[in-house]
Amino acid sequence: MSKNLVIVESPAKAKTIEGFLGKDFLVKSSYGHVMDLNKAQLGVDIENGFEPQYEIAPDKKKLVAELKKAAKEAEMVWLASDEDREGEAISWHLFKALSLKEEKTKRIVFHEITKQAITKAIENPRSIDTNLVSAQQARRVLDRLVGYELSPLLWKKVKPSLSAGRVQSVAVRLIVEREEEIKNFSVSSSFRVTAVFVVEIDGQKHQVQAELPERYNTEKEALAYLESCLGADYVVHSVEKKPGKKSPAPPFTTSTLQQEASRKLSFSVANTMRVAQQLYESGKITYMRTDSVNLSDLAINMAKNEITSRYGSQYVKTRRFATKTKGAQEAHEAIRPTYMDKDFVEGSADEKRLYDLIWKRTIASQMAEAELERTIVTIDVSTNKSQFVATGEVILFDGFLKVYLESTDDENGDAVEGLLPPLKKGQKLNLNEMLATQRFTRHAARYTEASLVKKLEELGIGRPSTFAPTISTILKREYVVKEDRPGEKRSFKVLQLQKDKIKNTTQTETTGQEKAKLFPTDIGILVNKFLVQYFDSIIDYNFTANVEKEFDEIAEGRKVWNEMIKEFYGPFHKKIVDTTENAGKFSGEKFLGIDPASGNNVFVKVGRFGPMVQIGDTESEEKPRFSGLRKDQSMEEINLEEALKLFEYPRNIGKFEEKDVTVAVGRFGPYVKHNSQFFSLAKTDDAATIDLDRAVELIEGKRTKEAQSVILEFEKEPALKVLNGRYGPYISYNKSNFKIPKGTEPEKLSLEDCMSIVNNPENAPKKRFVKKKGK
DNA sequence: CAGTGAGCGAGCTTCCGCTTGACTT
């Protein structure tokens with residue numbers, strides 16, 4: 001039995017700390033929050049000062065019992081959750097859930113996992129900060145009220161199972177508004193004039209790239225300019241040198257790690273977190289969910305030693321970075337390697353690459369600035385008043401650039417930059433060629449997962465632990481999709497001046513190509529429109545920032561948490577009631593035209609199962625006909641003709657084995673139906689042209705496949721089969737499936753064996769995995 | 001690498017923020 005029980009949030013942290021503290025200390029983990037509001041209800045007593053109805057999270061019951069036992073046996077319990085709002089609440093919840101006694105409980109905090117920091121923390125205990133706990137409670141209750149009152153309203157007015165919340169709804173809004181901006185963007189073009197000069201210096205030939213600062217709006221003006229240069233001489237007018245410096249970026253936080261891993265390694269945000277978690281658990285990096293750019297003294301010293309021994313002391317420049325992020329809580333260090341002298345790790349390829357990125361970024365953050373010299377050369381044209389400008393950048397001292405340079409999201413790669421030869425004022429240059437190239441303006445870039453995270457963080461919305469889950473949520477709700485889009489070919493004009501002749505050519509380029517970008521869906525657009533119309537204040541970009549200010553006041557004891565909630569809830573709830581009663585169905589209905597066959601109106605709108613086309617009015621006596629939109633169609637873009645085409649199915653294409661064969665398009669794509677069985681069309685098939693022969697081929701193909709997938713059948717019990725599925729052999733019985741125990745050969749199972757597996761209550765299908773029926 | 005194919009009738013869905021395992025259909 002240990003005299004002392006220390007409770008931290010993460011088990012990996014517990015393991016490390018136990019090593020520092022010795023025999024008298026038992027270190028356990030709470031695995032995050034242990035108490036929360038009941039999921040099935042509102043969980044807030046509105047009538048009674050918004051009293052939260054906490055319960056021990058169902059999946060934490062066992063853990064809490066264990067911790068309770070350990071606490072009872074210990075002489076002192078040290079609550080060592082993180083020093084931020086959530087961490088303080090975790091300590092408070094532990095105090096309650098473990099029925100701790102005040103006289104044998106101490107609250108301690110530390111920001112870095114070193115023996116020194118922990119010893120110091122143990123020497124300086126405090127009590128739980130109830131103001132900070134109240135601030136967390138306000139945050140929790142506000143999010144619950146917003147989420148659990150807005151979502152049901154969406155179920156009523158838009159479509160069941162939808163969700164809204166302080167964070168996710170703003171994320172969707174950003175994507176929807178960016179798409180609108182792109183849709184409304186009008187492309188314009190202008191001509192950019194560039195020139196390549198040749199100069200001989202000390203017997204060596206050099207090229208000089210230069211650009212005209214002015215742009216010409218039309219081809220005619222560009223041509224006129226080129227013509228004005230015919231027969232011109234080009235002379236260096238001035239050479240200006242400017243010293244410059246570049247500084248390294250701060251060490252990684254969760255969000256900057258996600259951004260750089262996306263830009264440099266093409267990782268999704270979720271993948272970055274998964275890989276970082278593996279590195280953390282194996283002790284290779286510090287904690288990966290952090291908003292702090294701070295490094296411990298120990299880390300800075302390790303970096304300093306490492307830089308000195310690798311590159312020399314002139315490359316060292318240690319710094320402390322300050323966090324600029326709104327609402328940062330800084331309970332942890334920045335993300336860095338645990339041991340700076342390890343510049344690589346064993347593990348999967350992803351782990352190696354992510355670790356390499358973290359190592360470089362951390363080391364570079366403690367290195368000297370790069371010293372540059374920027375040269376600007378202006379070049380006179382003898383036949384007109386214009387001047388070309390050539391710029392060059394020379395690195396005088398590479399500094400941190402030796403190790404790492406942060407990437408940018410900027411897609412503009414047009415700049416002409418590089419090394420310039422040593423030019424002098426008055427020097428004559430020979431023109432090799434001059435080009436006037438048509439360039440088009442570009443709309444704002446669509447969000448990637450990582451650039452969305454960046455934007456959310458800038459707005460102070462969401463936390464390091466929620467960036468990745470927020471993206472999963474809006475994808476799962478089908479508010480947005482992550483997609484590639486092929487580009488379109490576009491032609492552009494190039495005028496070329498060479499050897500005193502002007503040539504006019506048309507070239508083509510690909511534009512608008514997108515890779516892994518976030519696009520709003522019809523549902524996302526509609527839900528956003530609803531929320532903007534009725535709950536503008538909630539999905540306002542500043543809503544979080546404003547309530548965060550109030551949470552801070554609560555944390556400082558200057559405001560009472562439930563008074564703040566009351567002030568918010570009054571008008572909010574009134575608006576909910578008002579909208580429930582007065583707003584009609586919000587289906588985004590759009591009239592497309594008249595169906596020539598029936599003379600009925602054709603609409604596109606969002607129905608119970610998503611976007612659909614409706615022929616005929618809902619009020620009319622004749623029952624309207626419905627058809628869901630295909631995945632590649634959108635309410636925005638569909639026209640009458642395409643809408644009517646959806647009703648050409650099911651189409652009868654003949655008889656097979658005396659039963660009708662029909663072809664139709666469902667929500668899983670086109671299929672053939674025969675004898676109430678379904679057969680998906682292959683990607684190469686076309687539902688519009690498929691014939692009976694091909695349909696029969698599909699039917700027979702599936703039959704043979706099915707026959708092969710049956711391992712065992714029993715005469716006595718036709719409802720039971722042993723099948724070979726995607727996850728290996730399994731037992732199918734009355735539409736439920738059961739795993740076969742490890743080590744048994746499926747071919748040798750008897751009916752009795754199978755029945756005992758099926759009837760074993762341990763194998764009963766678990767509720768949370770039961771597929772939701774659309775009925 | 002299997003399964004799915006509705007059109008609102010019934011019961012359910014839902015939030016954000018802390019943390020890890022998880023072995024289904």
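What you see is a predicted model; the values in this text were computed from it and never measured. Just so we're on the same page: letters track the sequence lines, and every chain starts at 1.
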| field | Given DNA chain B, 5'-ward residue of the pair A:Pro152 and A:Val606, judged by closest heavy atom | value | A:Val606

| task | From the options B:dT20, B:dC16, B:dC18, select the nucleotide whose nearest atom is closest to the side chain of A:Ser10. | result | B:dT20

| said: With rounding to the closest Å, how many angstrom separate the P atoms on B:dG17 and B:dG21? | reply: 23 Å

| request: Give A:Arg625 one of three labels, base, sugar-phosphate or nothing, depending on what nucleic acid heavy atoms sit under 4.0 Å from its own. | output: nothing

| query | Would A:Glu18 and A:Lys28 pass as an ion pair if we require N to O under 4.0 Å? | reply | no

| note | The nucleotide from B:dC16, B:dT19, B:dT13 with an atom nearest the side chain of A:Val167 is B:dC16

| Does A:Arg477 make a side-chain N or O approach to OP1 or OP2 of B:dT13 shorter than 4.0 Å? | no

| field | Residue-phosphate contact under 4.0 Å: A:Arg166 side-chain N/O, B:dT14 OP1/OP2 | value | no

| query | NZ of A:Lys605 versus C1' of B:dG7: gap in Å, rounded? | reply | 11 Å

| Counting side-chain heavy atoms from CB outward, which of B:dG17, B:dC15, B:dT19 is closest to A:Arg463? | B:dG17

| query | Reckon A:Gln136 has a side-chain N or O less than 4.0 Å from the OP1 or OP2 of B:dG17? | reply | no

| task | Measure from NZ or CZ of A:Arg173 to the centre of the six-membered ring of A:Tyr541 and say whether it is under 6.0 Å with the direction within 45° of the ring axis. | result | yes

| query | Is it the case that A:Tyr287 and A:Glu9 place a side-chain donor and acceptor less than 3.5 Å from each other? | reply | no

| task | Give a yes/no verdict on base stacking between B:dT14 and A:Tyr148: centres under 5.5 Å, planes within less than 30° of parallel. | result | yes

| field | Atom-to-atom span, CZ of A:Arg608 to P of B:dG7 - whole angstrom | value | 10 Å

| field | Residue met sooner reading DNA chain B from 5', once A:Asp82 and A:Leu42 are mapped to nucleotides | value | A:Leu42

| field | Options B:dT19, B:dA6, B:dC15, nucleotide nearest the side-chain atoms of A:Arg289 | value | B:dT19

| From the list B:dC18, B:dT20, B:dT13, which nucleotide is the closest neighbour of the side chain of A:Tyr280? | B:dT20

| Whole-angstrom distance between B:dT19 and B:dT14, as gauged at atom P | 23 Å

| request: Calculate the interatomic distance between A:Ile90 atom CD1 and B:dC18 atom C1'; express it in whole Å. | output: 4 Å

| task | Say whether, by atom type as modelled, one donor and one acceptor occur between the side chain of A:Gln41 and the main chain of A:Asn38 under 3.5 angstrom. | result | no

| task | With P as the reference atom in both, quote the distance from B:dA22 to B:dC1 in angstrom, rounded to an integer. | result | 28 Å

| task | Determine: side-chain N/O of A:Gln277 to OP1/OP2 of B:dT20, distance under 4.0 Å, yes or no. | result | yes

| field | Given B:dT19, B:dT14, B:dA10, the nucleotide with the shortest approach to the side chain of A:Tyr287 | value | B:dT19

| message | Measuring only the C1' atom in each nucleotide, how far is B:dC8 from B:dT13? A whole number of Å is fine. | response | 15 Å

| query | B:dC23 and B:dG3: how far apart are their P atoms, nearest whole angstrom? | reply | 24 Å

| query | Would you call the rings of A:Tyr569 and A:Phe50 parallel, tilted or perpendicular, where under 30° means parallel and over 60° means perpendicular? | reply | perpendicular

| Selected nucleotide, minimal atom distance to A:Pro160 side chain, candidates B:dG7, B:dG21, B:dT13 | B:dT13

| said: Tell me whether the ring of A:Trp155 lies stacked over the B:dT13 base, given a 5.5 Å limit on centroids and a 30° limit on the plane angle. | reply: yes

| OP1, OP2 of B:dT13 versus side-chain N and O of A:Ser151: anything below 4.0 Å? | no

| field | Among A:Arg140, A:Arg289, A:Arg463, A:Arg139, the one residue meeting salt bridge (Lys or Arg N to Asp or Glu O under 4.0 Å) with A:Glu86 | value | A:Arg139

| field | Under 4.0 angstrom between A:Ser163 side-chain N/O and B:dC15 OP1 or OP2 | value | yes

